[in-house]
Number of protein chains: 2
Amino acid sequence: MRDNDLSLKTAATAGVSRYGQIAAELQARIVSGDWPPGEAIPAEGVLAKEFGIALGTIRQAIAVLVQHGLLERVQGKGTFVRKGLTGGSLMRFFRFGGADAVTAVPRSEILSCRSVRLDKAMAERFELPSGARGLAISRRRWLEDKPRLLESIWLPLPRCEALQQLPVAQWGDLLYPLLGSQCGITVHRAVDEVTFRTLAADEASLLELPDAHPCAVVTRRAFDLRGTCIEYRLTRGDAYAFRYTADIR
Amino acid sequence: MRDNDLSLKTAATAGVSRYGQIAAELQARIVSGDWPPGEAIPAEGVLAKEFGIALGTIRQAIAVLVQHGLLERVQGKGTFVRKGLTGGSLMRFFRFGGADAVTAVPRSEILSCRSVRLDKAMAERFELPSGARGLAISRRRWLEDKPRLLESIWLPLPRCEALQQLPVAQWGDLLYPLLGSQCGITVHRAVDEVTFRTLAADEASLLELPDAHPCAVVTRRAFDLRGTCIEYRLTRGDAYAFRYTADIR
DNA sequence: TAGTGGTCTAGACCACTTG
DNA sequence: AAGTGGTCTAGACCACTAC
């Protein structure tokens with residue numbers, strides 16, 4: 001009942017079901033920032049009353065967003081908007097040194113950071129008009145005093161302007177928290193693609209590896225809460241340190 | 001009500017909740033073969049009556065097993081026990097030739113198949129006593145008249161005896177359907193681990209690649225419905241044909 | 001038309017967390 | 001003790017699939 005105004009093409013689970021519509025409405029509030037990451041959303045009973053539906057239905061709507069990784073439920077405490085990815089998750093692909101190295105955050109050394117004109121494919125990825133500008137960042141990452149990874153990062157430029165103002169010395173080692181604090185962007189999902197090739201001469205010297213050494217290449221596209229691509233990243237590392245586990249079904 | 005005898009340590013979601021217990025009971029029936037793969041299980045209403053619970057509760061129990069990949073629901077038709085993996089899923093890691101090659105099943109050439117004494121680690125994997133025997137299979141897989149993959153496969157031996165009787169000419173190209181029809185084993189889950197190294201001389205010649213060519217190694221452990229490991233497989237292929245996509249959150 | 005799963009209601013009580 | 005999510009009930013009606 002109650003003709004709640006649910007005008008949404010948020011591309012959530014919006015079937016025609018009531019809980020699907022409400023899930024989309026909740027998602028809209030999260031994306032808009034009404035309910036910021038880390039905060040609790042109103043209790044089930046409150047929401048049920050607001051939407052004029054039964055408890056079971058609002059629970060179903062919430063379950064959808066939990067499934068999508070947007071919400072997190074904690075018994076006795078409440079339902080919380082999930083914080084974005086920390087970015088350290090890239091280390092899942094590599095095993096350098098000892099077991100402690102798995103959780104360690106590699107030190108970041110910014111090699112360069114400049115505004116560039118994006119090529120056609122990159123602009124399309126970022127849903128920007130052809131010829132738009134972006135931020136091109138080159139970064140080297142260290143673990144235990146050894147250079148381990150080489151990263152080329154592209155960011156869409158109107159959105160990430162704030163980064164240009166901030167001295168690279170204040171960037172810290174992780175990009176995603178920076179995107180959150182400086183640009184108000186929450187990285188909610190990332191798609192990684194792994195391939196294999198050999199290192200070019202300049203890459204090899206930066207990683208202190210022999211020329212033409214085999215390397216694993218991880219191509220990452222990261223997305224914000226709305227599902228818009230907000231990062232394109234190319235990471236290169238020693239192929240012999242690569243190790244990845246996939247669970248099928 | 002109804003002290004249904006739910007004696008189960010099936011390690012399902014068995015919390016103490018009613019639906020958790022029932023989920024475990026349903027799982028037991030699937031594992032035991034009461035409800036074979038591909039078949040429909042009784043309707044919600046029937047099960048609800050049998051267990052003496054409400055419809056919503058049996059639905060919750062079924063949802064658990066759907067989540068675990070054991071059941072599949074189809075509106076208007078029923079709830080079905082999922083068939084096992086087809087095995088072709090290994091090709092997800094490689095892209096040989098054209099786009100059609102993604103779905104194609106590579107031809108299998110059995111290089112050798114013999115009974116061996118399993119080493120300690122392998123016996124433990126299969127939950128067999130130390131010194132137990134197993135089947136060691138060496139296989140080469142072809143795509144479009146080119147050798148593409150090299151596989152070393154170990155199977156636990158009392159369980160897979162039937163394979164020894166069957167002439168390799170009748171094996172066909174896929175192992176998992178064979179395990180199903182010959183040994184009554186359903187492969188329900190697999191864990192793959194990827195690393196990189198270079199090819200040994202004998203491997204390189206079998207794959208018609210230069211000696212010491214870079215290769216991707218996929219180590220697979222496959223599990224049956226009970227969660228017991230029933231295959232250990234080592235697959236080697238050209239590293240330059242490797243490509244894998246991971247979706248984070 | 002009959003049977004299936006999908007959605008939804010309006011309650012109840014329990015388990016956990018916090019002040 | 002108050003507030004939260006977790007479990008469970010006993011119904012209702014709808015949408016899809018078969019025959």
Side-chain angles (χ1 to χ4, degrees), chain A residues 1-4 6 8 12-27 29-30 35 38-82, chain B residues 1-4 6 8 12-27 29-30 35 38-82:
Chain A
M1 70 202 81
R2 337 306 143 88
D3 288 311
N4 261 311
L6 297 176
L8 26 76
T13 314
V16 282
S17 64
R18 197 87 182 83
Y19 77 78
Q21 297 171 43
I22 288 170
E25 165 65 17
L26 299 183
Q27 173 170 345
R29 295 190 191 178
I30 295 167
W35 294 335
E39 296 276 294
I41 72 171
E44 297 175 342
V46 176
L47 289 172
K49 194 159 292 181
E50 180 194 333
F51 287 107
I53 56 173
L55 252 175
T57 306
I58 191 69
R59 283 183 62 81
Q60 219 167 344
I62 290 172
V64 169
L65 298 186
V66 169
Q67 186 78 12
H68 287 202
L70 276 134
L71 293 176
E72 206 167 7
R73 323 189 72 160
V74 184
Q75 167 153 188
K77 296 183 72 175
T79 303
F80 299 83
V81 180
R82 281 196 44 179
Chain B
M1 73 213 69
R2 338 303 142 87
D3 288 311
N4 262 310
L6 298 177
L8 24 78
T13 313
V16 281
S17 63
R18 197 87 182 84
Y19 77 79
Q21 298 172 43
I22 288 170
E25 165 64 18
L26 299 183
Q27 173 169 344
R29 295 189 189 178
I30 294 167
W35 294 334
E39 296 276 293
I41 72 172
E44 296 175 343
V46 176
L47 289 172
K49 194 160 292 180
E50 180 195 334
F51 287 107
I53 56 173
L55 252 175
T57 306
I58 190 68
R59 283 183 62 81
Q60 219 167 344
I62 289 172
V64 169
L65 299 186
V66 169
Q67 188 77 14
H68 288 202
L70 277 139
L71 292 176
E72 205 167 10
R73 322 189 71 159
V74 184
Q75 166 153 190
K77 295 183 72 174
T79 303
F80 300 84
V81 180
R82 282 196 45 182

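What you see is a predicted model; the values in this text were computed from it and never measured. Chain letters run A, B, ... following the sequence lines, proteins first, then strands; residues in each count from 1.
Under 4.0 Å is where a charged nitrogen must lie from a carboxylate oxygen, and between A:E44 and A:R73 at least one such pair does.
In this structure, B:I30 CD1 and B:L65 CG are separated by 5.5 Å, a value rounded to the nearest 0.5 Å.
Regarding B:I62, its CD1 atom lies at a distance of 16 Å from the P atom of D:dT7, rounded to whole Å. Taking atom CD of B:Q21 as the reference point, atom P of D:dT7 lies 12 Å away to the nearest angstrom. The CD-C1' distance, from A:E39 to D:dT4, rounds to 16 Å in whole Å. Rounded to an integer number of Å, the gap from OH of B:Y19 to P of C:dC14 is 18 Å. To the nearest angstrom, C1' of D:dA10 lies 13 Å from NZ of B:K49. Distance CD1 (A:I58) to C1' (C:dA10): 15 Å, rounded to an integer number of Å. The nearest whole Å value for the distance from the CG atom in B:L47 to the C1' atom in C:dG5 is 13 Å. Spacing between atom CD1 of A:I22 and atom C1' of C:dT7 amounts to 12 Å, rounded to whole angstrom units.
Between A:T57 and C:dT9, a side-chain N or O to OP1/OP2 separation shorter than 4.0 Å is present. Proximity of B:R73 to the phosphate of C:dT4: no side-chain N or O atom is located under 4.0 Å from OP1 or OP2. Distances shorter than 4.0 Å separate some side-chain N or O of B:R59 from OP1 or OP2 on C:dG6.
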Any protein N or O atoms within reach of nucleotides 16-18 of chain D? Criterion: under 3.5 Å, listing atom names and distances.
residue, atom, partner, partner atom, Å
D:dC16, O4', B:Q75, OE1, 3.4
D:dA18, OP1, B:K77, NZ, 3.4

Using a cutoff of under 3.5 Å, can you pull out all pairs of nitrogen or oxygen atoms linking the protein to nucleotides 11-13 of chain D, with atom names and distances?
none

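Partner of A:P42 under the side-chain contact (heavy atoms from CB on, under 4.5 Å) criterion, out of A:I58, A:T79, A:L47: A:L47 alone.
When every heavy atom of A:F51 is checked against every heavy atom of A:R18, the shortest pair comes out as O-NH2, 3.8 Å. Between B:L55 and B:G45, the shortest heavy-atom distance links the atoms CD2-N, 4.1 Å. Between A:V81 and A:W35 the shortest heavy-atom distance is CG2-O, 3.5 Å. The minimum heavy-atom distance between A:A61 and A:I22, with the atom names listed, is CB-CG2, 3.8 Å.
Residue B:T79 is the one, among A:A54 and B:T79, whose nearest nucleotide of DNA chain C lies closer to the 5' end (criterion: closest heavy atom).
When the nucleotides D:dT7, C:dT9, C:dG5 are ranked by their closest atom to the side chain of A:I53, C:dT9 comes out on top. Closest to the side chain of B:E44, from the set D:dT4, C:dG5, C:dT7, is C:dG5.
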